[in-house]
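Single-structure report; data block below.
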Amino acid sequence: MNLRNRKLTEEEFMGIRSDVLTHWPTGKDVDLDEAVEYLKKVPDEKNVAKKLRKAKEEGVTLAQPRAGVALIEDHIELLLHLEKEGGADLLPSTIDSYTRQNRYAECQVGIEESIRLGRSMLNGFPAVNHGVAGCRRVFEAIHVPLQARHGTPDARLLSEIIHASGWTSNEGGGISYNIPYAKSVSMEKTITDWQYCDRLVGYYEERGIELNREPFGPLTGTLVPPSTSNAVAVIEALLAAEQGVKNITVGYGQCGNLLQDIAAIRALESQTDEYLKRFGYEGVYVTTVFHQWMGGFPEDEAKAFGVISLGSTAAALAGATKVIVKTPHEALGIPTKEANAQGIRDTKMTLNMLKGQRMPMSTELADEITIIKAETACMIEKVLEVGKGDLARGTVEGFRLGLIDVPFAPSKYNYGKMMPARDNTGAVRYLNAGNVPLTKELLDFNKAKLEERGNYEHRKVGFQMTVDDIFAVGKGMLIGRPE
Ligand SMILES: CCC[C@H]1O[C@@H](n2cnc3c(N)ncnc32)[C@H](O)[C@@H]1O
C-alpha cells in the first residue's frame, strides 16, 4: 500500500489532475487560474465557509435543505423557491446517482429524457455534465452560498467543476462516501481520491480562497453509535487538514435520544478540535452539522413534521452550526419544491423559537459526552497504532480489522460484525462490539445500559432488540418494544 497521510505536492496534484480532467469533456473547461479570479469575486454572504464562521460566532443554527433536479433552469427555479419560500440559509445541489458513480454518459441520457418528457428523470443535479458554465448559471442565480452534496467515492472531477463554479463547499470523504455508498470500492482508493479533493481545496486556500469541507456524518443512518460516526468524522477532518483544508464542518446524524444527540454534537466539536491541535493543524476552523432523522419516515405529513421539528430542536439545543432539513415527502421520494420549502419553514420556526437556548450542562449530559469521547478515542488511537502513526494507512487497516465498523453498510470493506441496539432511553449502544476496541469499562457500561432495557421489557438482551429498533420508527416509535 503506497498510501500515505501526506500533503500532495503541487506537482503530484497537477500530475493526477491532467488525467482527472479527461474523465468527461466538461473537464477541459476547468482553468484553475481563471477559477481563482472568479472565486475572489464571490461576496462573503455567498461563501459557505464565511457564513458558517459568522453563524458560529453569533450562536446561530443555519438551515440547509437537500435538493437537486436534472435541468439547469428547473434546478434554479427549485433553489430560488427554497431560498425565498423556504428561507434556506444555505443551498445545496444534491448530485444525481449516475454522477456519483461516474456514469456521465447515462447522465447525458437522463438530461435528454428530462427535456423530452418535461420532468426530471434524474434524482439530482448532474453537475459534471452541466460543466462549469452550467454550474455557474446556478450559482449566479441564487443569493445564498451553495454546496455540493452527494455520495461519490471518486469525486475528483465533480469537485474540480463545482469549486470552479463558485460552490464554496463540498460534502464527503474517503470513508463516509465509500462505506455507506459503495459495495466494492477499496478504502485505499477512496481515501486516495479524497486526498485529491481536499488537496484541491488546499490549492485554493493557498491562493486566498476560503472553501469548506464537510465529512458526511450519518453514514448508514441506521443505529450508528455516535462514537462510530464521530470517529469517522474526526479521521476525515484530520485527513482533510493534512491536504490544506482550513474550514471543516463535522457532521452527525440524529439517533433519537435527545440527550445523546446533544452530547454527540458537543463531543464531536471538541474532540475534532483536540485532535487537530494534537497533530499541529493550527488555524482550522471547525463547525458542526446535525442531520435531521436519517431513518425511515412516517408517510403521514403531520407526523413527518413532528420528526422534523424534533430534529430541529436537537440541533438548536446542541448548538450545531447547521442543520440539514428533511421534508414531509421523505417517505415518498424526491420532494416537490413546495414540500421541501415546508420542511425548511418548520425547521426555521423551531430554530427561531429556540434562538439563544441551549441544553444546560448536567451530570447526565457530561457523562454521555465523556462516554462518547472515550469510545471515539479507543477507535482512533487503535487506528493510529495499526497504521504505525500513519492515519491513512491505519484507516485502511482499521476497517480491514473491524476497529471501526459501520452497522448495515453495503461495502465489502466494512467488517460488519459490530451490532448496535437502543437502551431503555433510546440511546444507541454497542450490543456486540465485534472488533471495535472498547475498553472493558466501556463494554460493561454498554452492557449494563442494554440490560436495563432487557429488565424493563422482561426479555434477554439480544439481536431481536436491534431488529425491533429498526422497525420501530415506521410504527411511530423510537424504541422497538416487544409486541
Ligand atoms: C444521505 C442523504 C439522504 C437524503 O437525501 C434526500 N435526497 C436525495 N436526493 C434528493 C433530492 N434530489 N432532493 C431532495 N432530497 C434528496 C433523501 O430524501 C434522503 O433524505
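Read the numbers this way: they start at 1 and go in the same order the structure lists the ligands and their atoms.
Relative to the ring axis of Tyr413, Lys189 does not place its NZ or CZ within 45° and under 6.0 Å from the centre.
Put simply, no part of His291 is less than 4.0 Å from ligand 1, judged by heavy atoms. Residue Phe297 places every heavy atom at 4.0 Å or more from ligand 1. Not a single heavy atom of Tyr177 sits less than 4.0 Å from an atom of ligand 1.
Counted by atom type alone, Glu210 and Thr168 present zero donor-acceptor pairs between their side chains at under 3.5 Å. Between the side chains of Asn446 and Glu375, at least one donor N or O sits under 3.5 Å from an acceptor N or O. When only modelled atom types and interatomic distance are considered, Gln271 and Lys373 share no side-chain donor-acceptor pair under 3.5 Å. Ser159 and Asn170 share a donor-acceptor pair across their side chains, judged by distance under 3.5 Å alone. Side-chain contact annotation: Ser227 with Tyr430, donor-acceptor N/O pair under 3.5 Å present. A donor atom on one side chain and an acceptor atom on the other are not found under 3.5 Å apart for Gln342 and Asp346.
The distance criterion of under 3.5 Å between nitrogen or oxygen atoms is not met by Thr94 with respect to ligand 1. Inclusion of Gly68 in the set of residues having an N or O under 3.5 Å from an N or O of ligand 1 is warranted. Any N or O atom pair closer than 3.5 Å counts here, and Glu330 shares at least one such pair with ligand 1. Looking at ligand 1, you won't find any N or O of Asn340 less than 3.5 Å from one of its N or O atoms.
Looking from atom 13 (N) of ligand 1 to the surrounding protein, the closest heavy atom is Ala67 CA, 3.5 Å. Of the protein's heavy atoms, Arg66 CD, 3.7 Å lies nearest to atom 4 (C) of ligand 1. When hydrogens are left out, the protein atom nearest atom 11 (C) of ligand 1 is Ile334 CD1, 3.6 Å; that is the closest non-hydrogen contact. Protein heavy atom closest to atom 1 (C) of ligand 1, with residue, atom name and distance, is Tyr181 OH, 3.2 Å. Looking only at heavy atoms of the protein, atom 3 (C) of ligand 1 is closest to Met294 CE, 4.2 Å.
The residue Arg149 has no part lying near ligand 1, judged by heavy-atom distances below 4.0 Å. Counting heavy atoms closer than 4.0 Å to ligand 1, residue Pro335 contributes side-chain atoms (C-beta onward) but none from N, CA, C or O. At a 4.0 Å heavy-atom cut-off, ligand 1 touches Asn123 through the backbone alone.
Between Met359 atom CE and Leu365 atom CG the span is 7.0 Å, to the nearest 0.5 Å.
Between the side chain of Ser120 and the main chain of Ala70, a donor-acceptor pair closer than 3.5 Å is present.
The ligand atoms of ligand 1 that sit less than 4.0 angstrom from a heavy atom of Phe216 are 1 (C). Close approach to Lys326 involves these atoms of ligand 1, each under 4.0 Å from a residue heavy atom: 20 (O).
Counting heavy atoms from C-beta outward, Val406 and Pro180 have side chains that stay 4.5 Å or more apart.
Relative orientation of the His291 and Phe216 rings is perpendicular, given thresholds of 30° and 60° on the angle between their planes.
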